[in-house]
Protein chains: 2
Amino acid sequence: MTPMSVPLHQAKADFFRTLGHPVRIRVLELLRDGPRPVRELLAEIEVEPSNMSQQLAVLRRTGLVSAVRDGGTVVYSLATPDVVDLLAVARRILTDMITGQDELLAELRAEAAK
Amino acid sequence: MTPMSVPLHQAKADFFRTLGHPVRIRVLELLRDGPRPVRELLAEIEVEPSNMSQQLAVLRRTGLVSAVRDGGTVVYSLATPDVVDLLAVARRILTDMITGQDELLAELRAEAAK
DNA sequence: TGCTGAATTTAGAAATTCTTCAATTTATGA
DNA sequence: TCATAAATTGAAGAATTTCTAAATTCAGCA
């Protein structure tokens with residue numbers, strides 16, 4: 001049996017890890033609605049320009065977004081529309097988990113009221 | 001229009017970050033096929049028991065898996081079947097992205113054929 | 001009780017990631 | 001050419017995460 005996919009699991013982990021940053025998540029969500037120049041991303045997300053560039057570089061390296069220079073500005077867009085699905089599934093899971101916590105909280109309250 | 005709350009983006013990022021580790025990914029994939037005791041997870045994944053416990057603790061904290069004690073062993077299972085969808089979408093994106101890297105691509109295809 | 005296997009916890013060092021600041025590139029307009 | 005805006009890059013220190021090893025908990029059993 002092949003040394004079963006150590007690099008594959010690493011690749012998957014690396015992929016998810018690039019999503020593990022609030023600024024990068026916000027960028028992807030903004031790009032869901034279409035391409036945007038860095039300037040606009042900076043207007044919507046509170047972060048220093050250099051930090052934004054760093055996070056954009058991470059997304060670029062992973063291949064999730066692509067950048068095109070247009071004169072003085074650089075326009076970013078999603079490299080694949082599949083990212084939209086991923087964010088949607090993630091939101092569904094988070095919604096389920098938070099709902100579950102609410103239910104648990106309700107149970108605790110009911111128990112305390114006895 | 002109300003800005004999406006900062007804590008929400010943090011929650012999303014935290015969620016993805018818990019997926020950003022090869023051992024944790026591997027555990028979730030094994031649990032896809034059903035509940036398993038820690039002993040079996042250790043038999044399939046090359047990692048020290050204490051390290052495994054730590055990664056399982058991360059998954060537990062996030063609410064992705066749940067653990068039940070059965071005598072001397074502890075059995076883990078997926079907390080929500082949605083995780084399966086998430087892994088599937090992620091694989092689809094990876095397939096698209098790494099078309100140039102033949103080795104990884106072959107492994108992904110082999111996995112899809114199971 | 002004392003022993004053993006299974007699993008977790010704790011603590012610390014090692015490695016990685018994040019943030020910030022200064023310097024640099026690229027294009028545009030005076 | 002010079003100046004400026006937009007964006008990126010590089011490097012350092014701070015903050016997190018990860019890994020390893022030792023100690024601990026828990027259940028079952030001689």
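We name chains A, B, ... by the order of the sequence lines, and we start the count at 1 in each one.
- Per the geometry, OH belonging to A:Tyr76 stands 8 Å off C1' belonging to D:dA7, to the nearest Å.
- Exactly one residue among B:Leu19, B:Asp82, B:Leu78 makes a side-chain contact (heavy atoms from CB on, under 4.5 Å) with B:Leu64. That residue is B:Leu19.
- Rounded to whole angstrom, the span from the CZ atom of B:Arg24 across to the P atom of D:dC19 amounts to 9 Å.
- Under 3.5 Å, the side chain of B:Glu48 and the base of D:dT18 form no donor-acceptor pair of N or O atoms.
- Rounded to an integer number of Å, the gap from CD of A:Gln55 to C1' of C:dT20 is 12 Å.
- If you take CE of A:Met52 and C1' of D:dA6, they are 13 Å apart, rounded to a whole angstrom.
- The pair A:Arg36-A:Glu44 counts as a salt bridge, with a side-chain nitrogen and a carboxylate oxygen less than 4.0 angstrom apart.
- Note: CZ (A:Arg69) to C1' (C:dA27) measures 7 Å, nearest angstrom.
- Among the atoms of the strands shown, base atoms are found under 4.0 Å from some heavy atom of A:Ser53.
- Protein atom CG of B:Asp14 is 13 Å distant from nucleotide atom C1' of D:dT17, rounded to whole Å.
- Distance alone, capped at 3.5 Å, is enough to place a donor-acceptor pair between the A:Arg24 side chain and the A:Thr18 backbone.
- Positionally, the nearest nucleotide of DNA chain C for A:Ser50 lies more toward the 5' end than for the other of A:Ser50 and A:Asp70.
- Side-chain N/O atoms of B:Gln54 and base N/O atoms of D:dT17 include no donor-acceptor pair closer than 3.5 Å.
- Look at CG on B:Leu42: it is 9 Å from C1' on C:dA6, rounded to the nearest Å.
- Applying the 4.0 Å criterion to OP1 and OP2 of D:dT9, one finds that A:Arg60 has a side-chain N or O inside that range.
- One hydrophobic cluster, built from ILVMFWY side chains closer than 4.5 Å, cannot hold both B:Val58 and B:Leu42; they sit in different ones.
- Along DNA chain D, the nucleotide closest to B:Gly71 and the one closest to B:Asn51 are compared, and the more 5′ of them pairs with B:Asn51.
- C:dA7 atom P lies 13 Å from atom CD1 of B:Ile45, rounded to whole Å.
- For A:Glu40 and B:Val47, each mapped to the nucleotide of DNA chain D holding its nearest heavy atom, the one lying further toward the 5' end belongs to A:Glu40.
- Under the 4.5 Å side-chain heavy-atom criterion for ILVMFWY residues, no single connected hydrophobic cluster contains both B:Val38 and B:Val75.
- Taking 4.0 angstrom as the limit, A:Arg39 places none of its side-chain polar atoms (N or O) nearer than this to OP1 or OP2 of D:dA5.
- Comparing C:dA7, D:dT17, C:dT17 against the side chain of A:Arg17 picks out C:dT17 as the nearest.
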